[in-house]
Amino acid sequence: MKKNDIGVIGMAVMGRNLALNIAKSGYNVAIFNRTINKTKDVMLKCSEKNISPYFLIQDFLRSLKKPRRILLMVQSGQATDDIINVLTPYLNSGDIIIDGGNSFYKDTIRRSKDLLKNNVSFLGVGISGGEYGALNGPSIMPGGQKSAYDIVKPIFKSIASKFKNQPCVAYIGPNGSGHYVKMVHNGIEYADMQLISEVYIILKNIVNYSNKEISDVFDIWNQGELNSYLIDITKNILRKKDHNGDLIDYVLDEAVNKGTGKWTCQDALDLHESLNVITESVFARYVSSLKSQRMLASKILSGPNVSLVSSHKDDFIEDLRKALYLSKIIAYSQGFSQLGSASKKYYWNLKCHEIASIFRSGCIIQADFLNQLVEIYKYDNIIINLLLSPYFQDISKQYQSSLRKIVSYVVKQGIAIPALVSSLTYYDSYRTSQSSANLIQAQRDCFGAHTYKRNDKSGVYHTNWLE
Ligand SMILES: NC(=O)c1ccc[n+]([C@@H]2O[C@H](COP(=O)([O-])OP(=O)(O)OC[C@H]3O[C@@H](n4cnc5c(N)ncnc54)[C@H](OP(=O)(O)O)[C@@H]3O)[C@@H](O)[C@H]2O)c1
(Lines give C-alpha, C1' and ligand atoms only; values in the text may rest on other atoms or scores of the structure.)
Protein backbone atom coordinates (compact mmCIF):
# COMPACT_ATOMS: atom_id res chain seq x y z
CA MET A 1 0.00 0.00 0.00
CA LYS A 2 1.33 3.44 -0.91
CA LYS A 3 2.49 5.51 2.03
CA ASN A 4 1.63 9.19 2.39
CA ASP A 5 4.37 11.86 2.33
CA ILE A 6 2.68 14.03 4.93
CA GLY A 7 -0.42 14.08 7.12
CA VAL A 8 -2.52 17.15 7.79
CA ILE A 9 -4.67 17.37 10.92
CA GLY A 10 -7.42 20.03 11.06
CA MET A 11 -9.77 20.35 8.11
CA ALA A 12 -11.04 23.88 8.72
CA VAL A 13 -10.27 26.69 6.25
CA MET A 14 -6.46 26.59 6.50
CA GLY A 15 -5.86 22.86 6.86
CA ARG A 16 -8.05 21.75 3.98
CA ASN A 17 -6.59 24.32 1.60
CA LEU A 18 -3.01 23.50 2.57
CA ALA A 19 -3.75 19.79 2.10
CA LEU A 20 -5.08 20.54 -1.40
CA ASN A 21 -2.05 22.72 -2.17
CA ILE A 22 0.35 19.94 -1.06
CA ALA A 23 -1.57 17.37 -3.09
CA LYS A 24 -1.54 19.62 -6.18
CA SER A 25 2.26 19.75 -5.80
CA GLY A 26 2.37 15.98 -6.30
CA TYR A 27 2.69 14.71 -2.73
CA ASN A 28 0.49 12.03 -1.20
CA VAL A 29 -1.45 13.57 1.67
CA ALA A 30 -3.28 11.94 4.56
CA ILE A 31 -6.00 14.05 6.17
CA PHE A 32 -7.66 13.83 9.57
CA ASN A 33 -10.09 15.98 11.51
CA ARG A 34 -11.53 15.49 15.00
CA THR A 35 -15.05 15.88 13.62
CA ILE A 36 -15.36 13.22 10.92
CA ASN A 37 -17.87 15.10 8.76
CA LYS A 38 -15.33 17.80 7.91
CA THR A 39 -12.96 15.18 6.49
CA LYS A 40 -15.84 13.68 4.49
CA ASP A 41 -16.76 17.12 3.22
CA VAL A 42 -13.22 17.72 1.93
CA MET A 43 -13.34 14.41 0.07
CA LEU A 44 -16.75 15.24 -1.44
CA LYS A 45 -15.49 18.54 -2.82
CA CYS A 46 -11.96 17.66 -3.95
CA SER A 47 -10.91 15.90 -7.10
CA GLU A 48 -7.27 15.25 -6.11
CA LYS A 49 -6.47 11.54 -6.30
CA ASN A 50 -3.53 11.74 -3.88
CA ILE A 51 -5.51 12.83 -0.80
CA SER A 52 -6.58 10.03 1.54
CA PRO A 53 -9.03 10.50 4.41
CA TYR A 54 -8.61 8.79 7.78
CA PHE A 55 -11.08 8.62 10.61
CA LEU A 56 -8.91 6.96 13.25
CA ILE A 57 -5.69 8.62 14.36
CA GLN A 58 -3.87 5.25 14.43
CA ASP A 59 -4.77 4.59 10.76
CA PHE A 60 -3.75 8.10 9.83
CA LEU A 61 -0.34 7.67 11.47
CA ARG A 62 0.19 4.16 10.03
CA SER A 63 -0.34 5.58 6.54
CA LEU A 64 2.65 7.95 6.78
CA LYS A 65 6.20 7.43 5.49
CA LYS A 66 8.91 7.48 8.17
CA PRO A 67 10.03 9.78 9.64
CA ARG A 68 6.40 10.84 9.85
CA ARG A 69 5.60 14.43 8.99
CA ILE A 70 2.42 15.66 10.64
CA LEU A 71 1.12 19.16 9.96
CA LEU A 72 -1.26 20.52 12.62
CA MET A 73 -3.71 23.14 11.40
CA VAL A 74 -5.95 23.36 14.46
CA GLN A 75 -6.99 26.16 16.77
CA SER A 76 -4.06 27.62 18.69
CA GLY A 77 -3.86 27.20 22.48
CA GLN A 78 -5.43 24.25 24.29
CA ALA A 79 -6.59 22.55 21.07
CA THR A 80 -2.98 22.28 19.90
CA ASP A 81 -1.91 20.73 23.23
CA ASP A 82 -4.91 18.38 23.07
CA ILE A 83 -4.04 17.03 19.65
CA ILE A 84 -0.34 16.69 20.55
CA ASN A 85 -1.40 14.65 23.60
CA VAL A 86 -3.53 12.43 21.37
CA LEU A 87 -0.58 11.86 19.00
CA THR A 88 2.23 11.45 21.54
CA PRO A 89 1.68 7.78 22.51
CA TYR A 90 1.94 6.73 18.85
CA LEU A 91 5.00 8.76 17.85
CA ASN A 92 8.46 7.31 17.24
CA SER A 93 11.93 8.79 17.50
CA GLY A 94 12.59 11.04 14.49
CA ASP A 95 8.93 11.86 13.75
CA ILE A 96 8.22 15.53 13.08
CA ILE A 97 5.22 17.52 14.26
CA ILE A 98 4.74 20.76 12.38
CA ASP A 99 2.46 23.30 14.05
CA GLY A 100 1.26 25.60 11.27
CA GLY A 101 -1.30 27.42 13.45
CA ASN A 102 -0.89 30.81 15.04
CA SER A 103 0.57 29.48 18.27
CA PHE A 104 2.12 31.69 20.92
CA TYR A 105 5.89 31.35 20.58
CA LYS A 106 6.41 30.53 24.27
CA ASP A 107 3.98 27.61 23.90
CA THR A 108 6.04 26.47 20.91
CA ILE A 109 9.26 26.57 22.96
CA ARG A 110 7.55 24.53 25.71
CA ARG A 111 6.07 21.96 23.29
CA SER A 112 9.38 21.63 21.50
CA LYS A 113 11.19 20.84 24.78
CA ASP A 114 8.53 18.33 25.85
CA LEU A 115 8.54 16.44 22.54
CA LEU A 116 12.31 16.37 22.34
CA LYS A 117 12.32 14.21 25.48
CA ASN A 118 10.93 11.43 23.20
CA ASN A 119 13.22 12.46 20.34
CA VAL A 120 10.26 13.86 18.40
CA SER A 121 11.03 17.05 16.48
CA PHE A 122 8.71 20.01 16.62
CA LEU A 123 8.59 22.81 14.08
CA GLY A 124 6.64 25.97 14.91
CA VAL A 125 5.74 27.37 11.52
CA GLY A 126 4.10 30.70 10.78
CA ILE A 127 1.86 30.43 7.73
CA SER A 128 0.41 33.62 6.30
CA GLY A 129 -1.94 34.35 3.46
CA GLY A 130 -5.32 33.20 4.75
CA GLU A 131 -7.53 30.86 2.74
CA TYR A 132 -6.28 32.00 -0.67
CA GLY A 133 -2.63 31.74 0.34
CA ALA A 134 -3.10 28.29 1.85
CA LEU A 135 -4.50 26.99 -1.44
CA ASN A 136 -2.37 28.90 -3.91
CA GLY A 137 0.87 29.61 -2.06
CA PRO A 138 1.39 31.05 1.41
CA SER A 139 4.41 32.76 2.93
CA ILE A 140 5.99 30.23 5.32
CA MET A 141 8.10 31.00 8.41
CA PRO A 142 9.51 27.77 9.86
CA GLY A 143 11.26 27.67 13.23
CA GLY A 144 12.68 24.69 15.13
CA GLN A 145 15.40 22.10 14.67
CA LYS A 146 17.22 22.75 11.40
CA SER A 147 17.60 18.99 10.75
CA ALA A 148 13.80 18.56 10.92
CA TYR A 149 13.28 21.58 8.70
CA ASP A 150 15.58 20.08 6.07
CA ILE A 151 13.30 17.03 5.89
CA VAL A 152 10.14 19.08 5.24
CA LYS A 153 11.85 21.79 3.17
CA PRO A 154 11.04 20.26 -0.28
CA ILE A 155 7.31 20.25 0.54
CA PHE A 156 7.38 23.82 1.88
CA LYS A 157 9.31 25.02 -1.16
CA SER A 158 6.79 23.46 -3.55
CA ILE A 159 3.70 24.86 -1.85
CA ALA A 160 5.00 28.34 -0.93
CA SER A 161 4.09 31.42 -2.91
CA LYS A 162 6.77 32.44 -5.40
CA PHE A 163 8.29 35.89 -5.68
CA LYS A 164 10.18 36.13 -8.97
CA ASN A 165 10.39 32.32 -8.96
CA GLN A 166 11.85 32.24 -5.44
CA PRO A 167 9.69 30.38 -2.88
CA CYS A 168 8.56 32.56 0.02
CA VAL A 169 9.92 30.27 2.71
CA ALA A 170 13.15 30.57 4.68
CA TYR A 171 14.40 28.80 7.78
CA ILE A 172 13.88 31.41 10.49
CA GLY A 173 15.80 29.94 13.43
CA PRO A 174 15.48 27.61 16.43
CA ASN A 175 12.47 26.82 18.65
CA GLY A 176 9.81 29.55 18.78
CA SER A 177 11.38 31.93 16.25
CA GLY A 178 9.08 31.01 13.33
CA HIS A 179 5.96 31.70 15.38
CA TYR A 180 7.56 34.85 16.78
CA VAL A 181 8.13 36.24 13.29
CA LYS A 182 4.55 35.32 12.33
CA MET A 183 3.30 37.08 15.48
CA VAL A 184 5.15 40.30 14.61
CA HIS A 185 3.99 39.95 10.99
CA ASN A 186 0.42 39.93 12.32
CA GLY A 187 1.16 42.94 14.54
CA ILE A 188 2.40 44.86 11.51
CA GLU A 189 -0.73 43.71 9.66
CA TYR A 190 -2.88 45.28 12.41
CA ALA A 191 -1.04 48.59 11.94
CA ASP A 192 -1.27 48.47 8.14
CA MET A 193 -5.01 47.81 8.32
CA GLN A 194 -5.63 50.50 10.94
CA LEU A 195 -3.67 53.12 8.98
CA ILE A 196 -5.60 52.32 5.79
CA SER A 197 -8.90 52.47 7.66
CA GLU A 198 -7.99 55.88 9.12
CA VAL A 199 -7.22 57.17 5.63
CA TYR A 200 -10.58 55.78 4.47
CA ILE A 201 -12.47 57.63 7.22
CA ILE A 202 -10.60 60.86 6.41
CA LEU A 203 -11.49 60.58 2.71
CA LYS A 204 -15.07 59.78 3.65
CA ASN A 205 -15.74 62.28 6.44
CA ILE A 206 -13.39 65.15 5.65
CA VAL A 207 -12.96 65.02 1.88
CA ASN A 208 -16.58 63.87 1.55
CA TYR A 209 -15.75 61.27 -1.08
CA SER A 210 -18.09 58.42 -2.03
CA ASN A 211 -16.88 54.83 -1.67
CA LYS A 212 -16.28 54.74 -5.42
CA GLU A 213 -14.14 57.88 -5.26
CA ILE A 214 -12.17 56.49 -2.29
CA SER A 215 -11.67 53.24 -4.17
CA ASP A 216 -10.33 55.20 -7.14
CA VAL A 217 -7.83 56.99 -4.84
CA PHE A 218 -6.58 53.63 -3.51
CA ASP A 219 -6.42 52.32 -7.06
CA ILE A 220 -4.10 55.15 -8.08
CA TRP A 221 -1.98 54.79 -4.94
CA ASN A 222 -1.68 51.07 -5.59
CA GLN A 223 0.23 51.85 -8.75
CA GLY A 224 2.95 53.70 -6.83
CA GLU A 225 5.12 53.19 -3.76
CA LEU A 226 2.08 52.20 -1.64
CA ASN A 227 1.46 49.16 -3.83
CA SER A 228 0.38 46.32 -1.57
CA TYR A 229 -2.09 43.48 -1.17
CA LEU A 230 -4.00 45.37 1.54
CA ILE A 231 -4.45 48.52 -0.57
CA ASP A 232 -5.51 46.34 -3.47
CA ILE A 233 -8.19 44.44 -1.54
CA THR A 234 -9.39 47.70 0.08
CA LYS A 235 -9.97 49.17 -3.39
CA ASN A 236 -12.08 46.12 -4.28
CA ILE A 237 -13.95 46.00 -0.95
CA LEU A 238 -15.11 49.60 -1.46
CA ARG A 239 -16.65 48.65 -4.82
CA LYS A 240 -18.59 45.65 -3.55
CA LYS A 241 -22.38 46.04 -3.87
CA ASP A 242 -25.30 44.27 -2.29
CA HIS A 243 -29.02 44.88 -2.72
CA ASN A 244 -28.90 47.94 -0.40
CA GLY A 245 -26.01 49.67 -2.14
CA ASP A 246 -22.33 49.62 -1.15
CA LEU A 247 -21.81 46.64 1.14
CA ILE A 248 -19.12 48.40 3.19
CA ASP A 249 -21.74 50.85 4.55
CA TYR A 250 -23.62 47.93 6.09
CA VAL A 251 -20.66 46.25 7.82
CA LEU A 252 -20.86 46.74 11.60
CA ASP A 253 -17.93 48.88 12.79
CA GLU A 254 -16.71 46.52 15.53
CA ALA A 255 -13.29 45.04 14.73
CA VAL A 256 -12.63 41.55 16.08
CA ASN A 257 -9.18 40.13 16.88
CA LYS A 258 -7.75 36.70 17.59
CA GLY A 259 -4.94 37.81 19.89
CA THR A 260 -1.74 37.82 17.84
CA GLY A 261 -1.68 41.65 17.82
CA LYS A 262 -2.07 41.68 21.59
CA TRP A 263 0.78 39.17 22.01
CA THR A 264 3.04 41.34 19.86
CA CYS A 265 2.37 44.36 22.08
CA GLN A 266 2.74 42.42 25.33
CA ASP A 267 6.07 41.10 24.14
CA ALA A 268 7.17 44.58 23.05
CA LEU A 269 6.57 45.78 26.61
CA ASP A 270 8.75 42.96 27.95
CA LEU A 271 11.50 43.85 25.48
CA HIS A 272 11.22 47.62 26.18
CA GLU A 273 10.34 48.22 22.53
CA SER A 274 8.32 51.34 21.64
CA LEU A 275 5.67 49.66 19.55
CA ASN A 276 3.11 52.44 19.74
CA VAL A 277 1.65 52.25 16.21
CA ILE A 278 0.82 48.55 16.46
CA THR A 279 -0.35 48.95 20.06
CA GLU A 280 -2.68 51.83 19.14
CA SER A 281 -4.03 49.66 16.34
CA VAL A 282 -4.90 46.93 18.83
CA PHE A 283 -6.49 49.50 21.18
CA ALA A 284 -8.45 50.94 18.24
CA ARG A 285 -10.02 47.50 17.71
CA TYR A 286 -10.89 47.34 21.42
CA VAL A 287 -12.54 50.79 21.36
CA SER A 288 -14.39 49.87 18.17
CA SER A 289 -15.94 46.91 19.97
CA LEU A 290 -17.62 49.26 22.48
CA LYS A 291 -20.34 50.04 19.94
CA SER A 292 -23.20 50.61 22.39
CA GLN A 293 -21.04 52.82 24.65
CA ARG A 294 -19.86 54.78 21.61
CA MET A 295 -23.46 55.28 20.48
CA LEU A 296 -24.30 56.66 23.92
CA ALA A 297 -21.17 58.82 24.16
CA SER A 298 -21.79 60.25 20.69
CA LYS A 299 -24.95 61.88 22.13
CA ILE A 300 -23.31 63.11 25.35
CA LEU A 301 -19.70 64.09 24.66
CA SER A 302 -19.08 67.15 22.53
CA GLY A 303 -16.54 67.77 19.78
CA PRO A 304 -16.00 70.18 16.90
CA ASN A 305 -18.08 70.29 13.74
CA VAL A 306 -16.23 68.78 10.81
CA SER A 307 -15.10 71.34 8.29
CA LEU A 308 -14.80 69.63 4.92
CA VAL A 309 -11.79 70.08 2.67
CA SER A 310 -13.33 72.16 -0.08
CA SER A 311 -10.35 73.62 -1.93
CA HIS A 312 -6.98 72.12 -2.91
CA LYS A 313 -8.40 68.63 -2.54
CA ASP A 314 -5.67 67.14 -4.71
CA ASP A 315 -2.97 68.63 -2.46
CA PHE A 316 -4.73 67.30 0.65
CA ILE A 317 -4.98 63.83 -0.90
CA GLU A 318 -1.31 63.87 -1.86
CA ASP A 319 -0.43 64.82 1.75
CA LEU A 320 -2.60 61.94 2.87
CA ARG A 321 -0.74 59.52 0.62
CA LYS A 322 2.60 60.69 2.00
CA ALA A 323 1.29 60.53 5.58
CA LEU A 324 0.17 56.95 5.02
CA TYR A 325 3.49 55.90 3.49
CA LEU A 326 5.61 57.46 6.22
CA SER A 327 3.39 55.98 8.94
CA LYS A 328 3.69 52.57 7.31
CA ILE A 329 7.48 52.93 7.37
CA ILE A 330 7.33 53.83 11.06
CA ALA A 331 5.13 50.82 11.89
CA TYR A 332 7.53 48.46 10.08
CA SER A 333 10.55 50.12 11.73
CA GLN A 334 9.01 49.37 15.09
CA GLY A 335 8.07 45.78 14.18
CA PHE A 336 11.50 44.98 12.76
CA SER A 337 13.21 46.63 15.72
CA GLN A 338 11.24 44.26 17.95
CA LEU A 339 12.44 41.31 15.83
CA GLY A 340 16.01 42.52 16.38
CA SER A 341 15.56 42.70 20.16
CA ALA A 342 13.94 39.26 20.36
CA SER A 343 16.71 37.83 18.20
CA LYS A 344 19.30 39.15 20.66
CA LYS A 345 17.38 37.99 23.72
CA TYR A 346 16.82 34.42 22.43
CA TYR A 347 20.05 34.08 20.33
CA TRP A 348 17.95 33.40 17.22
CA ASN A 349 20.24 35.17 14.78
CA LEU A 350 17.25 36.34 12.71
CA LYS A 351 18.13 37.40 9.19
CA CYS A 352 15.90 40.40 8.55
CA HIS A 353 16.56 40.54 4.81
CA GLU A 354 15.31 36.95 4.47
CA ILE A 355 12.27 37.72 6.61
CA ALA A 356 11.39 40.82 4.54
CA SER A 357 12.07 38.80 1.44
CA ILE A 358 9.57 36.00 2.25
CA PHE A 359 6.92 38.62 3.13
CA ARG A 360 6.95 39.80 -0.50
CA SER A 361 4.41 37.28 -1.76
CA GLY A 362 1.76 35.00 -0.31
CA CYS A 363 1.18 36.94 2.88
CA ILE A 364 -1.21 39.67 3.94
CA ILE A 365 1.44 42.38 4.32
CA GLN A 366 3.04 41.74 0.92
CA ALA A 367 3.99 45.08 -0.61
CA ASP A 368 6.44 46.65 -3.05
CA PHE A 369 7.90 48.56 -0.15
CA LEU A 370 9.42 45.34 1.24
CA ASN A 371 11.97 45.42 -1.59
CA GLN A 372 13.50 48.44 0.15
CA LEU A 373 13.68 46.53 3.43
CA VAL A 374 15.38 43.59 1.74
CA GLU A 375 18.05 45.88 0.30
CA ILE A 376 18.59 47.78 3.55
CA TYR A 377 18.95 44.62 5.63
CA LYS A 378 21.17 42.90 3.04
CA TYR A 379 23.55 45.78 3.50
CA ASP A 380 23.22 45.98 7.30
CA ASN A 381 21.37 43.19 9.17
CA ILE A 382 21.63 44.96 12.51
CA ILE A 383 20.70 48.52 11.54
CA ILE A 384 19.39 50.05 14.76
CA ASN A 385 16.30 51.62 13.15
CA LEU A 386 15.02 51.49 9.57
CA LEU A 387 14.30 55.23 9.72
CA LEU A 388 18.05 55.80 9.86
CA SER A 389 18.71 54.06 6.53
CA PRO A 390 19.52 56.52 3.73
CA TYR A 391 16.36 55.65 1.74
CA PHE A 392 13.96 56.15 4.66
CA GLN A 393 15.83 59.22 5.92
CA ASP A 394 15.15 60.73 2.55
CA ILE A 395 11.46 59.75 2.57
CA SER A 396 10.99 61.12 6.07
CA LYS A 397 12.64 64.40 5.08
CA GLN A 398 10.19 64.75 2.21
CA TYR A 399 7.06 63.34 3.89
CA GLN A 400 7.11 64.34 7.56
CA SER A 401 5.49 67.71 6.95
CA SER A 402 2.60 66.00 5.15
CA LEU A 403 2.04 63.65 8.09
CA ARG A 404 2.11 66.68 10.40
CA LYS A 405 -0.40 68.61 8.23
CA ILE A 406 -2.80 65.67 8.06
CA VAL A 407 -2.62 64.90 11.78
CA SER A 408 -3.16 68.51 12.84
CA TYR A 409 -6.02 69.08 10.38
CA VAL A 410 -7.85 65.87 11.23
CA VAL A 411 -7.36 66.16 15.01
CA LYS A 412 -8.95 69.63 14.82
CA GLN A 413 -12.00 68.04 13.19
CA GLY A 414 -12.44 65.66 16.13
CA ILE A 415 -11.92 62.49 14.08
CA ALA A 416 -9.94 59.73 15.79
CA ILE A 417 -6.79 58.70 13.91
CA PRO A 418 -4.78 56.93 16.62
CA ALA A 419 -2.29 55.15 14.35
CA LEU A 420 -1.44 58.26 12.32
CA VAL A 421 -1.06 60.33 15.50
CA SER A 422 1.14 57.73 17.16
CA SER A 423 3.32 57.45 14.05
CA LEU A 424 4.00 61.16 14.23
CA THR A 425 4.49 61.03 18.00
CA TYR A 426 7.05 58.26 17.63
CA TYR A 427 8.78 60.11 14.81
CA ASP A 428 9.11 63.27 16.90
CA SER A 429 10.08 61.40 20.07
CA TYR A 430 12.74 59.44 18.22
CA ARG A 431 14.33 62.49 16.63
CA THR A 432 14.38 64.51 19.89
CA SER A 433 17.85 64.92 21.37
CA GLN A 434 16.55 66.52 24.59
CA SER A 435 13.34 64.93 25.86
CA SER A 436 11.21 65.65 28.93
CA ALA A 437 12.50 62.55 30.73
CA ASN A 438 14.84 64.65 32.92
CA LEU A 439 11.76 65.81 34.81
CA ILE A 440 10.50 62.25 35.22
CA GLN A 441 13.85 61.24 36.70
CA ALA A 442 13.73 64.20 39.09
CA GLN A 443 10.17 63.31 40.15
CA ARG A 444 11.17 59.66 40.74
CA ASP A 445 14.10 60.76 42.84
CA CYS A 446 11.94 63.28 44.72
CA PHE A 447 9.19 60.89 45.82
CA GLY A 448 11.05 57.59 45.88
CA ALA A 449 14.78 58.35 46.21
CA HIS A 450 15.28 56.41 42.97
CA THR A 451 18.41 58.50 42.13
CA TYR A 452 19.26 60.08 38.78
CA LYS A 453 22.23 60.62 36.49
CA ARG A 454 23.51 64.05 35.45
CA ASN A 455 24.35 65.20 31.94
CA ASP A 456 27.39 67.19 33.03
CA LYS A 457 29.27 64.60 35.09
CA SER A 458 29.24 60.85 35.70
CA GLY A 459 27.87 59.09 38.77
CA VAL A 460 24.49 58.51 40.39
CA TYR A 461 22.86 61.25 42.49
CA HIS A 462 20.12 61.74 45.02
CA THR A 463 18.78 65.13 46.07
CA ASN A 464 16.37 66.14 48.80
CA TRP A 465 14.21 68.10 46.33
CA LEU A 466 11.64 69.44 48.81
CA GLU A 467 14.03 70.75 51.45
N1 LIG B 1 -7.98 31.51 9.09
C2 LIG B 1 -6.88 32.17 8.69
O3 LIG B 1 -6.91 33.05 7.84
C4 LIG B 1 -5.54 31.79 9.29
C5 LIG B 1 -4.39 32.32 8.73
C6 LIG B 1 -3.15 31.93 9.24
C7 LIG B 1 -3.09 31.06 10.31
N8 LIG B 1 -4.24 30.59 10.87
C9 LIG B 1 -4.12 29.64 11.99
O10 LIG B 1 -4.23 28.33 11.45
C11 LIG B 1 -4.89 27.46 12.40
C12 LIG B 1 -6.14 26.88 11.73
O13 LIG B 1 -6.98 27.96 11.40
P14 LIG B 1 -8.44 27.74 10.75
O15 LIG B 1 -9.03 29.09 10.60
O16 LIG B 1 -8.33 26.84 9.57
O17 LIG B 1 -9.20 26.88 11.85
P18 LIG B 1 -9.67 27.28 13.34
O19 LIG B 1 -11.07 27.75 13.28
O20 LIG B 1 -8.66 28.12 14.02
O21 LIG B 1 -9.63 25.83 14.04
C22 LIG B 1 -10.56 24.84 13.71
C23 LIG B 1 -9.89 23.48 13.61
O24 LIG B 1 -9.31 23.12 14.88
C25 LIG B 1 -9.81 21.84 15.24
N26 LIG B 1 -9.86 21.69 16.69
C27 LIG B 1 -10.35 22.58 17.59
N28 LIG B 1 -10.21 22.09 18.83
C29 LIG B 1 -9.64 20.87 18.71
C30 LIG B 1 -9.23 19.88 19.63
N31 LIG B 1 -9.39 20.06 20.94
N32 LIG B 1 -8.70 18.74 19.15
C33 LIG B 1 -8.53 18.57 17.83
N34 LIG B 1 -8.88 19.46 16.90
C35 LIG B 1 -9.42 20.61 17.34
C36 LIG B 1 -11.19 21.82 14.65
O37 LIG B 1 -11.66 20.50 14.61
P38 LIG B 1 -13.26 20.24 14.65
O39 LIG B 1 -13.73 20.38 13.26
O40 LIG B 1 -13.37 18.86 15.16
O41 LIG B 1 -13.86 21.26 15.57
C42 LIG B 1 -10.90 22.39 13.28
O43 LIG B 1 -10.29 21.47 12.42
C44 LIG B 1 -5.18 28.32 13.62
O45 LIG B 1 -4.16 28.19 14.55
C46 LIG B 1 -5.20 29.74 13.06
O47 LIG B 1 -4.89 30.70 14.02
C48 LIG B 1 -5.46 30.92 10.38
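Just so it is clear, the structure is predicted and the values come from calculations on it, not from any experiment. Counting starts at 1 for both ligands and their atoms, in listed order.
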Can an N or O of [X] be found at a distance shorter than 3.5 Å from an N or O of ligand 1?
| X | value |
| --- | --- |
| Gln75 | yes |
| Glu131 | no |
| Lys182 | no |

Return yes if some donor-acceptor pair links the side-chain N/O of Thr264 with the main-chain N/O of Met183 below 3.5 Å, else return no.
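At least one qualifying donor-acceptor pair exists.
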
Does any N or O in the side chain of Asn211 come within less than 3.5 Å of the main-chain N or O of Lys204, such that one atom is a donor and the other an acceptor?
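Side chain of Asn211 to backbone of Lys204, a donor-acceptor pair under 3.5 Å: no, none is there.
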
Minimum-distance protein heavy atom relative to [atom]:
| atom | answer |
| --- | --- |
| atom 39 (O) of ligand 1 | Lys38 NZ, 2.6 Å |
| atom 10 (O) of ligand 1 | Met73 CE, 3.5 Å |
| atom 28 (N) of ligand 1 | Ala79 CB, 3.2 Å |
| atom 3 (O) of ligand 1 | Gly130 CA, 3.5 Å |

Quick test of your reading of the structure: of [options], whose heavy atom lies closest to [atom]?
| atom | options | value |
| --- | --- | --- |
| atom 38 (P) of ligand 1 | Val74, Asn102, Thr35, Val125 | Thr35 |
| atom 29 (C) of ligand 1 | Arg34, Met14, Met11 | Arg34 |
| atom 17 (O) of ligand 1 | Gly10, Gly126, Gly100, Ala12 | Ala12 |

Before giving the answer on side-chain contact (heavy atoms from CB on, under 4.5 Å), spell out for Leu326 and Ser396 the whole-Å C-alpha distance, their side-chain angles and the decisive distance to 0.1 Å.
CA-CA 7 Å; Leu326 180 55; Ser396 59; 3.9 Å; yes

Should the ring pair Tyr346 and Tyr105 be called parallel, tilted or perpendicular, given that the plane angle runs from 0 to 90° and is split at 30 and 60?
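Taking Tyr105 first and then Tyr346, their aromatic rings stand perpendicular (interplane angle over 60°).
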
Is the ring pair Phe336/Tyr332 parallel, tilted or perpendicular, if the boundaries are 30 and 60 degrees?
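Taking Tyr332 first and then Phe336, their aromatic rings lie parallel (interplane angle under 30°).
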
For the residue pair Lys240 and Asn236, confirm or rule out a side-chain donor-acceptor distance under 3.5 Å.
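No donor-acceptor contact under 3.5 Å links the two side chains.
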
Just do the side-chain contact (heavy atoms from CB on, under 4.5 Å) check on Gln338 and Tyr180 with the steps written out, would you?
CA-CA 10 Å; Gln338 179 166 347; Tyr180 194 90; 3.1 Å; yes

Among Asp368, Thr234, Asp232, whose side chain to side chain donor-acceptor pair (under 3.5 Å) with Asn222 holds?
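Exactly one pass, corresponding to Asp232.
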
Establish, for the pair Lys146 and Tyr171, whether the NZ or CZ atom is under 6.0 angstrom from the six-membered ring centre and no further than 45 degrees off its axis.
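Yes, a cation-pi geometry holds between Lys146 and Tyr171.
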
Say whether Ser128 and ligand 1 are in contact under the criterion: heavy-atom distance to a ligand atom below 4.0 Å.
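For ligand 1, residue contact (heavy atoms, under 4.0 Å) with Ser128 is absent.
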
Suppose I only count heavy atoms of Asn33 and a 4.0 Å limit; which atoms of ligand 1 are within that range?
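By the 4.0 Å cutoff, the relevant atoms are 37 (O), 38 (P), 39 (O), 40 (O), 42 (C), 43 (O).
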
For Ile127, counting its heavy atoms only, list the atoms of ligand 1 lying under 4.0 Å from any of them.
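Result: 6 (C), 7 (C).
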
